[in-house]
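In what follows, a structure is listed as structure tokens, so that the remarks can point back to it.
Order of appearance sets the numbers: ligands from 1, and atoms from 1 within every ligand.
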Amino acid sequence: MSKLLKILLFLLPAVLHTANGHSLAQPFWCFWSKADLSDMELIEPYVFNKIKYLEYNSTLGKYVGYTELGIKNADRLNNDPAELAARKADVESVCKNNAGNYYSAILSKTVEPQVRVKLVKKSDGTHPARLMCSAYRFFPPQITVTWLRNGKEIKGGVTSTEEMADGDWYYQIHSHLEYMPESGEQISCVVEHASFKQPMEYKWDPSMSEPDKSKIAIGASGLVLGIVLSAAGFIYYKKKASGRILVPT
Ligand SMILES: *[C@@H]1O[C@H](CO)[C@@H](O)[C@H](O)[C@H]1NC(C)=O
């Protein structure tokens, strides 16, 4: 499930001027996909009233004009070695420099997923049971979730969501397994992620699911509390009743 991550950095000085109903935008884009930044590309478009008329492309090493005004400016700028050298230098000083900070601050970091296995649907003997293995709050998004039955990977009956962005740099994923339970078997969910030294196995305990356990715990606590309170009430009542008799008249 590992995907090539194409990264894009939108940098200052990105300019948007608006006046008299006209607009001029001058964003500054850095594109790369390799961690060593060797394929870094700087793109600097000049956009007037939403129409791109000129663009600097560092891979081409020059400006390209798209309108009459753009072509005129491209010719002028491309014949200025100092201008081209300055733009080429921006690839190092602006793009690679910022991307380096980006890596050390964010992209090189990993956060372990929190994994839960739970029963979604019980088997009634003829229809399969459904389990869900959920991994929460991990980074980066690349992750692999598989299922094992007695140590062997289960190929059929597995469906998974995409790695879903929480919108705060963290991701979550949910893998479902449909299977016919057999006695004595061991089902587990295996998660592979950059934050783990080795694949982590999470065993499914079919004897009792979590909600059942907590329901029993709440019920037992209620019962104990009830017994204690009625005993206390009974003792209090007995004391009061006998006390009344002992009061001298
Ligand atoms: C920049 O130029 C290269 C070489 O022609 C091209 O492959 C690339 O797609 C261009 N980049 C953009 C964003 O247009």
| Is the shortest heavy-atom distance from the side chain of Val94 to the side chain of Leu42 under 4.5 Å? | no
| query | Is there a path of hydrophobic side-chain contacts, each under 4.5 Å between heavy atoms of I, L, V, M, F, W or Y residues, that connects Tyr46 with Leu60? | reply | no
| field | Ion pair Lys72/Glu68, N-O distance below 4.0 Å | value | no
| task | Determine whether Met40 and Cys30 make a side-chain contact, defined as any pair of heavy atoms from C-beta on separated by less than 4.5 Å. | result | yes
| field | Path from Met132 to Val191 over hydrophobic side-chain contacts below 4.5 Å | value | no
| message | Could you walk me through whether Asp39 and Ser33 satisfy the side chain to side chain contact (heavy atoms under 4.5 Å, CB included) test, starting with their C-alpha distance in whole Å, then the side-chain angles of each, then the deciding distance to 0.1 Å, before giving a yes or no? | response | CA-CA 7 Å; Asp39 62 346; Ser33 58; 2.7 Å; yes
| said: Residues around ligand 1, heavy atom under 4.0 Å from any ligand atom, sorted by chain and number. Can you pull those? | reply: Glu41, Ile43, Asn57, Thr59, Leu60
